[in-house]
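Heads up, the thing below is written out as structure tokens.
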Amino acid sequence: MTKFKTWDGLELNYRVWEGDGVTVVLQHGVVADTNANWMGTGVVQALQAAGHTVVSLDARGHGRSDKPHDAARYSWAAMAKDVSALYDELGFDRVVQVGYSMGGVISLLVAAADDRVTKLAVGGIGSGVLDCGGVDRRVIDIDDLRTAMHGDGAGASQVAMMFRILADAISADRTAIEAVATGLDDEPITTLAGVTVPTLVLAGAADPFAAEPERLAAALPDGTLAVVPGDHLMAVIEPAFHAALVNFVKS
């Protein structure tokens, strides 16, 4: 585990597993971190077994990265710039970018702006990107997520409380996550035309956050779709998820 100073001075944590193959950079979902989203689910192990160099970034506000409680330190654009800053830090000129949930939206923005991305895989998102600009507000409202992270979470929906339970399970800083939710309360995706690299959309069949993934794949200039078993939390542990990702990276 190593830290670097990103573009606005925050120190972000990342981890590298060296290999001889393609470099794959992972960006996790909201509340989660490298361990919860990628190590504990077997994704890192599957990519390592295929020989790839794997890099995972703890997003600002998450994991072992700095966690300011000021919502102004969080935006979709800021978090996308963090990923590109990591490329700079490690001297990468070609990467496969992979993101899940919040990290999927961030990764779409990175791929649209940074030509070092040669392939992109996004999971845990679907038509919400097209209809809501990123987070599917038909499934969870940002205010509801903030409520779940504040105090005892009283009044939050069952869906929002799922993220509260995850936050408590991994000892996340709930005040920082509340600030993240506040800062990300915008619609970052207005067009997918800039995402020209081959892109895999990975969706759990029972994941409400990845509804109508075929629409997202069709909207991408070079998109393909793989549907695997599982809901938002469980799809990423499925062997079918790992296999689809590994096959896409090496293809």
Side-chain angles (χ1 to χ4, degrees), residues 4 6-7 12-30 34 37-38 43-44 46-48 50-60 62 65 75-126 129-130 133-134 184 188-203 210 213 216-226 236 241-242 244-251:
F4 79 105
T6 192
W7 59 276
L12 305 184
N13 185 77
Y14 66 93
R15 185 161 180 177
V16 178
W17 295 265
E18 295 286 354
D20 296 324
V22 172
T23 297
V24 182
V25 177
L26 307 173
Q27 182 64 85
H28 60 76
V30 69
T34 290
N37 213 149
W38 304 123
V43 171
V44 169
L47 290 166
Q48 275 191 289
H52 300 301
T53 291
V54 183
V55 183
S56 183
L57 175 65
D58 281 347
R60 56 178 63 205
H62 297 74
S65 290
S75 70
W76 292 110
M79 297 172 96
K81 286 174 69 175
D82 289 339
V83 177
S84 288
L86 179 63
Y87 298 171
D88 294 339
E89 174 73 14
L90 297 177
F92 293 152
D93 56 10
R94 293 175 60 85
V95 303
V96 176
Q97 179 63 40
V98 179
Y100 195 80
S101 191
M102 175 189 78
V105 179
I106 292 167
S107 295
L108 284 166
L109 294 172
V110 175
D114 197 318
D115 61 11
R116 289 171 290 187
V117 178
T118 60
K119 284 185 178 181
L120 172 67
V122 294
I125 54 176
V129 172
L130 308 176
L184 297 187
I189 305 292
T190 58
T191 177
L192 294 171
V195 186
T196 58
V197 296
T199 302
L200 174 66
V201 177
L202 270 165
L216 176 57
L220 289 158
D222 191 2
T224 57
L225 172 64
V236 74
F241 185 102
H242 305 163
L245 179 58
V246 169
N247 288 337
F248 175 71
V249 171
K250 75 177 182 181
S251 63

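Only a predicted model underlies this, so the values are computations on that prediction, with no experimental measurement involved.
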Please check if the side chain of Thr53 supplies one atom and the backbone of Glu18 the other of a donor-acceptor pair under 3.5 Å. no
CH2 of Trp76 to CD1 of Ile106: how many Å apart, nearest 0.5 Å? 6.0 Å
One should read off an interatomic distance between Thr23 OG1 and Tyr87 OH, to the nearest 0.5 angstrom, of 10.5 Å
Residues Ser56 and Trp38: closest non-hydrogen pair is OG-CD1, 3.3 Å
Check: Leu108 and Leu220 side chains under 4.5 Å, non-hydrogen atoms: yes
Taking all non-hydrogen atoms of both residues, which atom of Asn37 and which atom of Gly29 are closest, and how far apart? OD1-N, 2.8 Å
Does any part of the side chain of Met102, heavy atoms only, come nearer than 4.5 Å to the side chain of Met79, both counted from C-beta? yes
When you compare the side chain of Leu12 with that of Arg60, does any pair of heavy atoms fall below 4.5 Å? yes
Is the backbone N or O of Gly21 less than 3.5 Å from a side-chain atom of His52, with the two atoms forming a donor-acceptor pair by type? no
Indicate the atoms forming the closest heavy-atom contact of Ser84 with Asp114, along with that distance. OG-OD2, 2.7 Å
Do Phe92 and Val55 have side chains that get closer than 4.5 Å, going by heavy atoms? yes
Ile125 and Gly104: which non-hydrogen atoms are nearest, and at how many Å? CD1-C, 3.8 Å
I'd like to check Leu192 versus Leu130 (side-chain heavy atoms, cut-off strictly below 4.5 Å). Are they in contact? yes
Return yes when atom CG of Asp115 has more than 12 non-hydrogen atoms of other residues, nucleotides or ligands closer than 6.0 Å, and no otherwise. no
Could you tell me whether a side-chain N or O of Ser101 sits under 3.5 Å from a main-chain N or O of Gly124, the two making a donor and an acceptor? no
Using 0.5 Å steps for rounding, measure from the CG atom of Asn13 to the CG atom of Leu86. 10.5 Å
Taking atom CG of Leu90 and atom OH of Tyr14, what is their separation to the nearest 0.5 Å? 4.5 Å
With no hydrogens and no angle check, is any side-chain donor or acceptor of His28 less than 3.5 Å from a backbone partner on Ala59? yes
On a heavy-atom basis, the closest approach of Ala46 and Val246 is O-CG2, 3.8 Å
Are the side chains of Leu57 and Phe4 in contact, using a 4.5 Å heavy-atom criterion? yes
Answer with yes or no whether the side chains of Gln97 and Ser107 bring together a donor and an acceptor at under 3.5 Å. yes
When rounded to the nearest 0.5 angstrom, what is the spacing between NZ in Lys81 and CH2 in Trp7? 4.0 Å
Separation between CG (Leu202) and OH (Tyr100), nearest 0.5 Å, reads 9.0 Å
Student check: side-chain heavy atoms of Leu26 and Val44 closer than 4.5 Å: yes
Where Ala210 and Ala203 come nearest, the two heavy atoms and their spacing: CB-CB, 3.9 Å
Non-hydrogen side-chain atoms of Asp222 and Thr199 separated by less than 4.5 Å: no
